[in-house]
Protein chains: 2
Amino acid sequence: MNNLKYTVPKATLQRFPVYLKALRKLDNLGVQRIMSRELSEFVDIEPTTIRRDFSFLGSLGKQGYGYDVSALIKVFDQHLGGQFEEKLIIVGAGNLGRALMNYNRWNHVVGEIVCAFDIEANKIGSMYEIPVYPLSELKQHIPEGCRIAILTVSKDVQETVNLLVDAGIKGIVDFTHEHIQVPKGVKVKAVDVVSMIQELVFETNSIS
Amino acid sequence: MNNLKYTVPKATLQRFPVYLKALRKLDNLGVQRIMSRELSEFVDIEPTTIRRDFSFLGSLGKQGYGYDVSALIKVFDQHLGGQFEEKLIIVGAGNLGRALMNYNRWNHVVGEIVCAFDIEANKIGSMYEIPVYPLSELKQHIPEGCRIAILTVSKDVQETVNLLVDAGIKGIVDFTHEHIQVPKGVKVKAVDVVSMIQELVFETNSIS
DNA sequence: TGAAGTTTATTAAAATATTCACAATCTTAA
DNA sequence: TTAAGATTGTGAATATTTTAATAAACTTCA
């Protein structure tokens, strides 16, 4: 696996999860085959863009027929890490961290949340069956092979990031409000509701 | 305001919130002026890209000097809707919805969360000083001029979206796990942790 | 079985986005 | 006040991404 013919464009990479999500929904609805034109209306991406995107993962469709939904899902799962069973950690066991622990769709999608960390002593313990350790014991408790952390702390953000990078984390899903810096080789995906609203406001304004 | 010289490229639009966030941090650190080269290291975007991006909002810098941080922040605030005092609503008062209500950075950044809605009767009431109404009373209680909704429901997702669109919502920050469909003219920003992790996994794999 | 009708995969063209390179213009320090 | 030094803003060049166009190949129904 992971022997992609050529490098996949960044733009395409960002659309893969959108496709996967849509395909899962279609699968649930009982749809067994789909054509790029149909899928296009569903995800609001041009059919030709969809076909090109898919082509980076191989020749997944059949002429005159379309794509087999469940086969597509399998391929995407494979390439998007579905089989990797990523070991994830949550850093910050506040409101948001707890809400995320309570998400029940983690397993068998990308992996599982193994444990969480927090500075504040009164949050240490176990929540929703996920153990919460003191941040000071990060290196002791971080799961073997753990590469991705979900960051929901609200204080000492950059310091915490440094600790994570030090512990070998390669990807951070960043829920903080602050701007964080990481060395080359570490990826950050910022989840900032405020920023998203700003984008929405700006786009809405630009249109009218 | 909002009389931009030309249309701002989509790619640039997505970077604006990144700049604003970084500039706020710099401002807090007491930095009063900054050059594109310095800012570049901070946000990991090429200096020339930064300058071009800024140029869409006007001639904000001075040759041989750089940019005035607080002046920049003002301009961005203006264009990113900081002055609009958006009226926001949260739809879905579950774990995540509550966590978002508890965020304390809303005010004077893009606007305020005026109220929330939920289907389940036992969640109706008031949380963190934000009133929660039954979804059936959406049209009664939706604030005047409200354009943006934050969606955190876990059931009947598409049905809820339809209600929102019907009520005049133009932008949705989507925290659900499902794929949603909206008519042209309505924008969706999906916040999907699972998708983000998938992107991270994929990127990390692509590199090695 | 074969011909008509579809739809993919892909080459080529168009549109977007990024980066280069440098003139214009500001700062700063003597 | 002026000259040296620095950095912006922007045409031009490059790179990337999207879209158009179509040949190849599959399905389906008579």
Side-chain angles (χ1 to χ4, degrees), chain A residues 4-19 22-23 26 31-73 75-76 79 199 202-203 206-207, chain B residues 4-19 22-23 26 31-73 75-76 79 199 202-203 206-207:
Chain A
L4 303 182
K5 282 189 283 190
Y6 306 102
T7 54
V8 181
K10 256 173 126 180
T12 296
L13 224 59
Q14 294 188 333
R15 282 189 295 266
F16 278 166
V18 176
Y19 296 135
L23 289 167
L26 288 165
V31 178
Q32 296 187 349
R33 69 182 251 196
I34 194 157
M35 290 151 303
S36 57
R37 187 138 48 85
E38 291 177 290
L39 187 57
S40 169
E41 287 188 25
F42 210 67
V43 297
D44 199 30
I45 297 170
E46 290 297 313
T48 186
T49 303
I50 292 176
R51 291 202 297 277
R52 181 169 299 280
D53 282 349
F54 285 8
S55 77
F56 288 107
L57 298 182
S59 288
L60 309 179
K62 286 179 189 169
Q63 284 93 333
Y65 178 90
Y67 299 87
D68 186 80
V69 174
S70 64
L72 265 187
I73 291 175
V75 173
F76 272 104
H79 285 286
E199 280 181 57
F202 200 102
E203 286 178 32
S206 306
I207 292 164
Chain B
L4 303 182
K5 282 189 283 189
Y6 306 102
T7 54
V8 180
K10 256 172 126 178
T12 296
L13 223 60
Q14 294 188 333
R15 282 189 295 266
F16 278 167
V18 176
Y19 296 136
L23 290 166
L26 288 165
V31 178
Q32 297 187 347
R33 71 182 249 198
I34 194 156
M35 289 152 301
S36 57
R37 187 139 49 87
E38 290 178 291
L39 187 56
S40 169
E41 287 189 26
F42 210 65
V43 296
D44 198 29
I45 297 171
E46 289 299 312
T48 184
T49 303
I50 292 175
R51 292 203 297 277
R52 185 169 297 280
D53 281 350
F54 285 8
S55 77
F56 288 107
L57 299 181
S59 288
L60 309 179
K62 286 179 189 171
Q63 284 93 334
Y65 178 89
Y67 299 87
D68 185 81
V69 173
S70 64
L72 265 188
I73 291 175
V75 172
F76 272 103
H79 285 285
E199 281 181 55
F202 200 102
E203 286 177 31
S206 305
I207 293 163

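Below, chains carry the letters A, B, ... as their sequence lines are ordered, and counting in each starts from 1.
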Would you list the protein and nucleotides 28-30 of chain D atom pairs, both N or O, that sit under 3.5 Å from each other?
residue	atom	partner	partner atom	Å
D:dT28	OP1	A:Arg33	NH1	3.2

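Atoms CG and CG, on A:Asp53 and A:Leu60 in that order, are 11.0 Å from each other to the nearest 0.5 Å. Annotation: the span from A:Ile73 atom CD1 to A:Leu26 atom CG amounts to 8.0 Å, rounded to 0.5 Å. Atom OH in A:Tyr19 sits 9.5 Å away from atom OH in A:Tyr67 (nearest 0.5 Å). Residue B:Phe56 holds its CZ atom at 5.0 Å from OG1 of B:Thr12, rounded to the nearest 0.5 Å. Residue B:Met35 holds its CE atom at 11.5 Å from CD1 of B:Ile50, rounded to the nearest 0.5 Å. In this structure, A:Ile45 CD1 and A:Ser40 OG are separated by 8.0 Å, a value rounded to the nearest 0.5 Å.
For the pair B:Arg15 and C:dT18, the criterion of a side-chain N or O lying under 4.0 Å from OP1 or OP2 is met. Side-chain N/O atoms of B:Arg51 include none lying less than 4.0 angstrom from OP1 or OP2 on D:dG9.
Around atom CD of B:Gln32, no more than 12 heavy atoms belonging to other residues, nucleotides or ligands sit under 6.0 Å away.
Nucleotide C:dT6 holds its C1' atom 16 Å from the CD1 atom of A:Ile34, rounded to whole Å. Straight-line distance from the CG atom of B:Asp53 to the C1' atom of D:dT8: 14 Å, rounded to whole Å. Rounding to whole angstrom units, CG of residue B:Asp68 and P of D:dT8 are separated by 13 Å. Taking atom CZ of B:Phe54 as the reference point, atom P of D:dT7 lies 15 Å away to the nearest angstrom. Atom CD in B:Gln63 sits about 11 Å away from atom C1' in D:dT10, given to the nearest Å. For A:Met35 and C:dT8, the CE to P distance is 7 Å, given to the nearest whole Å. The separation between A:Lys10 atom NZ and C:dT16 atom C1' is 15 Å, rounded to whole Å.
For C:dT19, the base has a donor-acceptor partner in the side chain of B:Arg52 [N/O atoms by modelled type, under 3.5 angstrom].
Distance from the side chain of A:Ala11 is smallest for D:dT17 among the nucleotides D:dT17, D:dT8, C:dA17.
Within the nucleic acid shown, B:Tyr67 comes within 4.0 Å of sugar-phosphate atoms alone, with no base atom in reach, counting heavy atoms only. Among the protein residues, A:Ser36 comes within range of the sugar-phosphate backbone only, with heavy atoms under 4.0 Å from sugar or phosphate atoms but none that close to a base.
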Side chain to side chain contact (heavy atoms under 4.5 Å, CB included) evaluation trace for B:Phe16 with B:Val8: CA-CA 11 Å; B:Phe16 278 167; B:Val8 180; 4.1 Å; yes

Derivation and outcome, side chain to side chain contact (heavy atoms under 4.5 Å, CB included), residues B:Glu38 and B:Val31: CA-CA 11 Å; B:Glu38 290 178 291; B:Val31 178; over 6 Å; no

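Heavy-atom distances under 4.0 Å link DNA chain C to B:Glu46, B:Thr48, B:Thr49 of residues 37-50 of chain B, given in residue order.
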